[in-house]
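Here is the naming used below: chain letters follow the sequence lines, and residue numbers restart at 1 for every chain.
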Amino acid sequence: KQEVTQIPAALSVPEGENLVLNCSFTDSAIYNLQWFRQDPGKGLTSLLLIQSSQREQTSGRLNASLDKSSGRSTLYIAASQPGDSATYLCDSQGAQKLVFGQGTRLTINP
Amino acid sequence: DAGVIQSPRHEVTEMGQEVTLRCKPISGHNSLFWYRQTMMRGLELLIYFNNNVPIDDSGMPEDRFSAKMPNASFSTLKIQPSEPRDSAVYFCASSLGGLRAGWFGPGTRLTVL
């Protein structure tokens, strides 16, 4: 059974820092992995989708990488801003369908 | 487009009552998803439809839960009878094909007393 883990559960950093969020999965036979952002009281917003054949995807200040062999994905946020404060979730799609991590709650301090 | 629309946004009911959650997907999207989010279990996929047909309902917790999609612009998730452990935020999402939900609604916060 696929398990997706996001550590740490919460992270607080000063504005302007570059940071990395982690997502680990136990079954490497995934089709793709997606990163989402969730603001308090809101639904999820898709950030980046990485197919199993890809190593990384970039969108603006965000870069997501995928290493299937090690069962890891990272979301890199450059030059963090207070508006980046949110909960970030990853999910993997595989034969066992979609499995979400519990998320990392990110706080960027001005 | 107004995005995925869910109603009601908040629902408080008593144990044993029937609850119906509603969703209008983004126009043109042919896949629709229902998710449940709780602190304990995180985000779980309950069921998804493709072209109005239920494709996978393996995430539906038990027979008290049912979902329908009578047409491309409307879906319901019904809980009957409701129980306190059903308290959660229920999200509807839609996409243009595939298992991936690209656009999420704002969610319905359900509280069962």
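Separating the CG atom in A:L44 from the CG atom in B:L43 is a distance of 6.0 Å, to the nearest 0.5 Å.
Hydrophobic cluster membership is shared by A:L19 and A:L48, with clusters built from Ile, Leu, Val, Met, Phe, Trp and Tyr side chains linked at under 4.5 angstrom. Taken together through direct or relayed side-chain contacts under 4.5 Å among Ile, Leu, Val, Met, Phe, Trp and Tyr, A:F100 and B:V89 form part of one hydrophobic cluster. A continuous path of hydrophobic side-chain contacts links A:Y88 to A:L11 [ILVMFWY only; heavy atoms under 4.5 Å]. Note: the hydrophobic cluster containing A:W35 also contains A:L62 (ILVMFWY, side chain heavy atoms under 4.5 Å, direct or indirect links). When hydrophobic clusters are built by joining Ile, Leu, Val, Met, Phe, Trp and Tyr residues whose side-chain heavy atoms come closer than 4.5 Å, directly or via intermediates, A:V13 is not grouped with A:V20.
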Task: side chain to side chain contact (heavy atoms under 4.5 Å, CB included) between A:Q38 and B:F91, intermediate numbers included - done: CA-CA 12 Å; A:Q38 185 174 28; B:F91 289 103; 3.4 Å; yes
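Using a 4.5 Å cut-off between heavy atoms, B:R109 does not touch chain A at all. Using a 4.5 Å cut-off between heavy atoms, B:E44 does not touch chain A at all.
B:L45 has its side chain out of reach of A:V99: every pair of non-hydrogen atoms, C-beta onward, lies at least 4.5 Å apart.
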